[in-house]
> 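I have a structure I would like to understand better, so I am pasting it below and will then ask my questions one at a time.
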Amino acid sequence: MANDSTDKSLDNLVLPDSLDQVRITSLPPAAYYISDFITEEEEQSILEKIGSAPKPRWKQLTHRRLQTWPSDLVNNILMDAPLPTWLSEPIVPRLRSIRLSEDTESSDIFADSPHQQPNHVLINEYPPGIGIMPHKDGAAYHPVVCTVSLGASLCLNIHKAKDDGTLDPEPAWRILQEPRSLLITTAALYADFLHGIADVTEDIELSKHTIANWHLLRSPHDFAEGRNIRKTRTSLTYRDVMKVSKLGRRIGLFQKK
């Protein structure tokens, strides 16, 4: 079990010793799924912080809304500023506490990223029936995406491109993300495939034959009838933006004077 004596919440969680133990083996390299990455108390605390954020923090889209922390990117560059404590603790140190493999010399998932930890969080709120079109995350980020799910479950669809370069509308794989879970995608799965969420109020045909991470779910019996009725699900997407401008920190210091 991964252990950090300063993280008291680990008394209520059993984290893997390495990501190899929670790899989704039916997917291309590489995806990892931890069903219980945060506690129910931590989940509720984060949701309360999100809900109490100042109105200007929310960016309203047509059918859903989002927040970006510490700020939006400008031309794929992040203004240098720390994440708020409620987004960094305990999630960032917990991410870094888990080794990639059983090798005692193995490092964590962000060891090779420019800043050796995530410096940006995108918060997306998905009401029932609302998703997001298949897409790639782009070149601004180091190719590691860590997504913590809050509030409810839903399916993430992984899509291939056809030989002619157009999108295959049928997902090649589906990943079921439970509340309080962590999904990590990296390497070829990050670079070569698209991911999206269908605009449905119910995920159907859920089984060990159709869900890539079925064997890693916390509660597969909750989906024994092959259905998941959507409720509002909030996601925290942690990434390391590769280019950072120190101007943001200089502005912050100037404003404090």
> Between CG of Asn228 and CZ of Phe223, what distance do you get to the nearest 0.5 Å?
5.0 Å
> Quick one: closest heavy-atom pair of Gly131 and Asp199, and the distance?
N-OD1, 2.5 Å
> Is Val241 reachable from Ile184 through a run of hydrophobic residues whose side-chain heavy atoms are each under 4.5 Å from the next?
no
> Ala111: what forms a side chain to side chain contact (heavy atoms under 4.5 Å, CB included) with it, not counting sequence neighbours?
Ser107, Asp108
> Report yes if some heavy atom in the side chain of Ile91 is under 4.5 Å from a heavy atom in the side chain of Ile46; otherwise report no.
yes
> What I'd like to find out is whether the side chain of Ile175 reaches to under 4.5 Å of the side chain of Leu27, using heavy atoms alone.
yes
> I want to check something: taking the side chain as every heavy atom from C-beta on, are Asp80 and Ser245 in contact at a cut-off of under 4.5 Å?
no
> To the nearest 0.5 angstrom, please state how far the CG atom of Asp163 sits from the CG atom of Asp168.
10.0 Å
> Got Ile229 and Thr201 here, is their nearest side-chain heavy-atom distance under 4.5 Å?
no
> Run the side chain to side chain donor-acceptor pair (under 3.5 Å) test against Asn124 and tell me which residues pass, sequence neighbours left out.
Arg64
> Would you check if Pro28 and Asp192 make a side-chain contact, meaning some heavy-atom pair closer than 4.5 Å?
no
> Does His195 have any ring-ring contact (aromatic ring centres under 6.0 Å, His included) partners at least two apart in sequence or in another chain, and if so, which?
His135
> Would you be so kind as to tabulate the donor-acceptor pairs closer than 3.5 Å made by side chains of residues 49-57, with sequence neighbours excluded?
{"from": "Ser52", "atom 1": "OG", "to": "Glu48", "atom 2": "O", "distance (Å)": "3.0"}
{"from": "Ser52", "atom 1": "OG", "to": "Lys49", "atom 2": "O", "distance (Å)": "3.2"}
{"from": "Arg57", "atom 1": "NH1", "to": "Thr68", "atom 2": "O", "distance (Å)": "2.7"}
{"from": "Arg57", "atom 1": "NH1", "to": "Pro70", "atom 2": "O", "distance (Å)": "3.4"}
{"from": "Arg57", "atom 1": "NH2", "to": "Pro70", "atom 2": "O", "distance (Å)": "3.4"}

> As an exercise, state the distance from CD of Glu89 to CZ of Arg94, rounded to the nearest 0.5 Å.
9.5 Å
> With hydrophobic residues grouped by side-chain heavy-atom distances under 4.5 Å, do Phe37 and Leu47 end up in a single group?
yes
> Rounded to the nearest 0.5 Å, how far does CG of Leu176 lie from OG of Ser207?
11.0 Å
> List in chain and number order the residues that pass side chain to side chain contact (heavy atoms under 4.5 Å, CB included) with Asp20, two or more places apart in sequence or in another chain; answer none if no residue qualifies.
Ser18, Ser101
> Tell me every residue that passes ring-ring contact (aromatic ring centres under 6.0 Å, His included) with Trp58, counting only those two or more places apart in sequence or in another chain.
none
> What distance do Leu156 atom CG and Ile197 atom CD1 have between them, rounded to the nearest 0.5 Å?
6.0 Å
> Treating Ile, Leu, Val, Met, Phe, Trp and Tyr as nodes and any side-chain heavy-atom pair under 4.5 angstrom as an edge, say whether Trp69 and Val244 lie in one connected cluster.
no
> Taking side chain to side chain contact (heavy atoms under 4.5 Å, CB included) as the test, write out the residues that go with Ala172, two or more places apart.
Lys160
> Considering non-hydrogen atoms only, spot the tightest contact between Arg239 and Val144 and give its length.
CG-O, 3.8 Å
> Taking atom CD1 of Ile77 and atom OG of Ser71, what is their separation to the nearest 0.5 Å?
11.5 Å
> Short question: side chain of Ser149, backbone of Gln177 - any donor-acceptor pair under 3.5 Å?
no
> Give a yes or no on whether Trp86 and Leu150 share a hydrophobic cluster (residues Ile, Leu, Val, Met, Phe, Trp, Tyr; joining criterion: side-chain heavy atoms under 4.5 Å apart).
yes
> I'd like to know if Ile158 and Tyr126 are part of one continuous hydrophobic network [Ile/Leu/Val/Met/Phe/Trp/Tyr, side-chain heavy atoms within less than 4.5 Å].
yes
> Do Pro114 and Lys243 have side chains that approach each other closer than 4.5 Å (heavy atoms only, starting at C-beta)?
no
> Going by the rule side chain to side chain donor-acceptor pair (under 3.5 Å), which residues pair with Asn119 if we only count those two or more places apart in sequence or in a different chain?
His115, Asp240
> Between Glu125 and Gln67, does the side chain to side chain donor-acceptor pair (under 3.5 Å) criterion hold? Intermediate values first, please.
CA-CA 9 Å; Glu125 186 181 78; Gln67 297 179 24; over 6 Å; no
> My understanding is that only residues two or more places apart in sequence, or in another chain, count here; which of them pass ring-ring contact (aromatic ring centres under 6.0 Å, His included) with Phe193?
Trp173
> Could you report the tightest heavy-atom contact between Val148 and Tyr238, atom names first, then the distance?
CG2-CE1, 4.5 Å
> Under 4.0 Å between a side-chain nitrogen and a carboxylate oxygen: does that hold for Arg99 and Asp17?
no
> Using 4.0 Å as the upper bound for N to carboxylate O, is an ion pair formed by Asp203 and Arg174?
no
> Test of understanding: with side chain to side chain contact (heavy atoms under 4.5 Å, CB included), list the residues that count as partners of Arg218, not counting sequence neighbours.
Ser35, Asp36, Glu178, Pro179, Arg180
> Thr185: what forms a side chain to side chain donor-acceptor pair (under 3.5 Å) with it, not counting sequence neighbours?
none
> In the hydrophobic clustering that connects Ile, Leu, Val, Met, Phe, Trp and Tyr at side-chain heavy-atom distances below 4.5 Å, which members other than Leu61 occupy its cluster, ordered by chain and number?
Leu66, Leu122
> Does the side chain of Val92 reach to within under 4.5 Å of the side chain of Phe110, using non-hydrogen atoms?
no
> Answer whether the closest heavy-atom distance between the side chains of Trp214 and Leu206 falls below 4.5 Å.
yes
